Amino acid sequence: MEDFVMSKKKSWLDTNTYHHSDFWDLLKLIKAKEEKGLKISLCIPTLNEEKTIGKEIVIFKSELMKRYPLLDEIAVIDSGSSDKTLEIAASYGADTYLSKDILPSQGFKPGKGENLWKAIYQLTGDIIVYVDADIKNIHPRFVYGLVAPLIYDEKIKYVKAFYDRPLAFSQGIRPSGGGRVTEILIRPLFAMFYPELASIIQPLSGEYAVRREVLQDIPFPIGYGVETSHILDVYRKWGMSAFAQTDLDQRIHRNQSTIALGKMSFGILQSFFKRLEMDGSIDQLPELNKIYKHFQAQESKYTLVEHKIQEEERPPMSTIQEYREKYSL
Amino acid sequence: MANPLNQQLLKAVSYKDKIKEMREILLANLVMISEIPAPTFGEERRVQFILDRFTESDLDDMSRDESGNAIGLIRGTEGEKTILLAAHVDTVFDDTVDHSVRITSSQIVGPGVADNSLGCAVMLTVPNVLKHIGLKLKSDVILVGVTKGLGRGDLTGIRFFLDNFNKPIDHGIMIEGAELGRLSFSSLGMLRGEITCKIPDEYDWTEFNSSGAINLLNEIISLMQAIPMPTKPKTTITFGAVHAGKSYNKIPTSGSLRFEIRSESAEMIESLNHQLEEIVDEVSSKFQTEVNLEIVSRRTPGGIGFSHPLTKIARRTMESLGVNPIISPSVGELSALIDKKIPGVTMGITHAISLHTNEEGVKLEPIFAGVAQLIGVLEAIDGGLCDE
């Protein structure tokens with residue numbers, strides 16, 4: 001039995017949800033940025049993205065550095081691509097780094113979250129905007145739509161992208177949401193444990209802009225759990241009002257297989273349970289199994305395939321000695 | 001050595017490195033414009049993008065005319081002369097094709113990037129280039145993104161612009177993405193048409209031992225091939241497409257043939273047009289069927305000569321940038337200028353790969369010489385070096 005109840009309490013959704021077109025006036029945006037003396041860094045984490053990386057760099061460099069100086073730094077942080085990702089990125093003028101070369105004293109763990117975490121040490125912006133490298137329809141809005149709320153509103157600390165706007169259309173109201181993992185895993189979990197967070201339309205989107213003061217104080221799972229844990233950690237520490245979200249219209253990218261989504265969910269659940277435990281929301285959680293199993297069928301023969309998925313976490317960057325020295329904390 | 005022409009050539013060469021500094025701006029324009037589909041008659045979104053860019057470049061005046069052309073004005077210090085810089089906006093790809101492009105370190109690949117997204121991107125980057133190299137021209141430069149040029153568009157856009165623009169145009173440069181080295185200063189006479197035939201439903205198939213539209217088209221093609229084609233003035237006929245029939249044994253009742261005739265002589269074009277009409281009449285009455293000839297496009301041959309100062313300077317500018325001029329007549333927008341007796345040339349910007357396929361690409365490195373030659377010729381025209 002289910003009841004459909006439209007909440008009347010939608011104030012955060014009303015005030016902190018934007019559309020990129022709200023920020024079309026880039027001259028005004030740059031003026032505000034300069035008045036506040038902010039420095040903005042773009043970080044693109046990569047692993048074998050030679051097909052799309054060139055276009056992203058060219059567009060951001062032309063539109064948001066040369067034409068409108070919104071970005072002070074464009075950096076690609078790579079997990080060790082075997083293709084020409086870094087060569088192409090460098091040829092169009094991005095700063096390129098291998099994740100393992102940054103903070104070598106901390107070692108290297110392969111994973112997107114690792115690259116995002118090391119960016120906090122390597123990049124110098126007051127705001128870091130993260131954009132994935134696999135976007136086919138790249139456009140400057142992917143950056144300015146996310147940094148603008150941070151420039152205009154000092155209370156906002158973490159701006160998340162979403163790509164599918166709840167609109168009235170001919171058949172009435174369209175249910176809106178994220179991808180499959182968001183709708184069948186994250187949103188039900190949020191609704192159970194952190195109902196306010198259900199207002200974030202796409203908690204898993206890979207594009208977000210964040211203030212340094214927040215980034216340096218939150219831990220970073222190195223794998224699948226990074227986006228989910230960010231949302232939980234920022235929420236627990238700074239509350240809902242620290243978030244904003246911006247509609248960036250369409251995002252065209254590769255689709256993931258259902259099996260890949262299963263692995264992703266397995267990793268996310270680890271980060272999620274860990275936080276529930278830290279909050280005292282769950283008692284006596286047993287040790288969580290780190291082996292994910294799925295089936296593979298060949299004619300009538302089924303095989304069980306096992307993957308070890310362990311969500312390791314990097315501690316808040318502000319606890320790392322080299323970082324404290326570099327930024328005089 | 002210090003004559004004005006040599007000085008001008010040295011300047012053009014010096015622009016190449018400066019233009020290279022504009023690489024990201026130029027390539028970003030190319031990427032963004034390439035990803036907006038612009039089939040002939042469906043160019044509105046691409047035109048809007050061009051106008052938005054004109055606005056961002058602070059052009060003095062910009063508008064969209066009744067034919068949908070994007071027009072922007074770079075006002076000169078004196079404004080006595082007006083130079084047209086134009087690129088056709090339409091491509092041969094319809095909007096159902098995935099228009100996303102990809103960039104490698106040496107190429108950009110995607111539908112229409114060479115013909116003519118690159119031409120458009122260069123045209124709309126010209127204001128930024130002039131500013132960057134610090135070049136202020138005396139003449140007004142009018143930038144036009146021209147619509148409805150290809151196929152059945154039949155140069156409607158450029159003709160409308162030339163018929164209605166409120167100032168006389170003194171010189172024109174047409175920009176094509178490919179091929180670097182291309183230099184067109186004359187237009188070929190051209191006649192492009194479609195012959196259609198339709199066999200009436202009550203046709204008596206036993207009477208002529210005929211088997212329908214394909215035989216009929218075959219008859220027409222044979223008669224057209226029997227027309228003697230002179231080598232001087234050079235004249236050619238191309239059969240571009242034949243459509244008829246659906247199956248193995250169903251007699252087709254309709255069909256069409258598309259062709260194009262090109263000739264250096266206007267009289268030859270006229271005479272061939274006349275002969276085609278006779279062929280159509282003959283076949284139509286012989287087989288008692290409906291055969292129609294529709295001329296969809298026609299160009300008059302003409303243009304400035306090889307020794308015209310504009311041609312000469314264009315050649316010298318190319319050579320000084322290490323570009324080998326390839327002289328070829330045009331059947332594109334240049335013909336419309338020639339009809340209006342406006343001295344003009346068409347220039348290409350870079351080398352293209354797999355033209356008119358989904359894997360169409362442009363080589364990036366030659367683009368800078370391509371743009372430098374364009375700016376060099378523009379400056380030479382402005383300096384009066386191309387006047388007769």
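All values reported here derive from a predicted model rather than from experimental measurement. Note on naming: letters A, B, ... go to the chains in the order of the sequence lines (proteins, then strands), and numbering restarts at 1 for each one. Any value given below was found using the heavy atoms of this structure, including those in side chains, with hydrogens, waters and symmetry copies removed.
Heavy atoms of Leu364(B) lying under 4.5 Å from chain A belong exclusively to its side chain. Neither the backbone nor the side chain of Glu56(A) has a heavy atom closer than 4.5 Å to any heavy atom of chain B. With a 4.5 Å cut-off on non-hydrogen atoms, Glu63(A) touches chain B through its side chain but not through its backbone.
Between the CD1 atom of Ile138(A) and the OG atom of Ser100(B) there is a distance of 12.0 Å, given to the nearest 0.5 Å. For the atom pair Ile103(B) CD1 and Ile59(A) CD1, the distance stands at 6.5 Å (nearest 0.5 Å).
No more than 12 heavy atoms of other residues, nucleotides or ligands sit less than 6.0 Å from atom NZ of Lys51(A).
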Go through the steps to decide whether Lys55(A) and Arg102(B) satisfy the test side chain to side chain contact (heavy atoms under 4.5 Å, CB included), and finish with yes or no. CA-CA 6 Å; Lys55(A) 196 157 88 176; Arg102(B) 57 175 204 276; 5.9 Å; no
Go through the steps to decide whether Lys84(A) and Thr104(B) satisfy the test side chain to side chain contact (heavy atoms under 4.5 Å, CB included), and finish with yes or no. CA-CA 9 Å; Lys84(A) 291 187 174 164; Thr104(B) 70; over 6 Å; no
Determine whether Glu24(B) and Phe60(A) satisfy the following criterion, side chain to side chain contact (heavy atoms under 4.5 Å, CB included), listing intermediate values before the conclusion. CA-CA 9 Å; Glu24(B) 284 76 21; Phe60(A) 290 138; over 6 Å; no
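Taking all atoms of both residues into account, the shortest heavy-atom contact from Ile25(B) to Ser62(A) is CA-OG, 3.3 Å.
Residues of residues 22-34 of chain A lying within less than 4.5 angstrom of chain B, judged on heavy atoms, are absent.
Ion pairing between a basic and an acidic side chain is recognised when a charged N comes within 4.0 Å of a carboxylate O; Lys136(A) and Glu35(B) show no such pairing.
Qualifying ring-ring contact (aromatic ring centres under 6.0 Å, His included) partners for Tyr158(A), counting only residues two or more places apart in sequence or in other chains: Tyr208(A), His230(A), Phe243(A).
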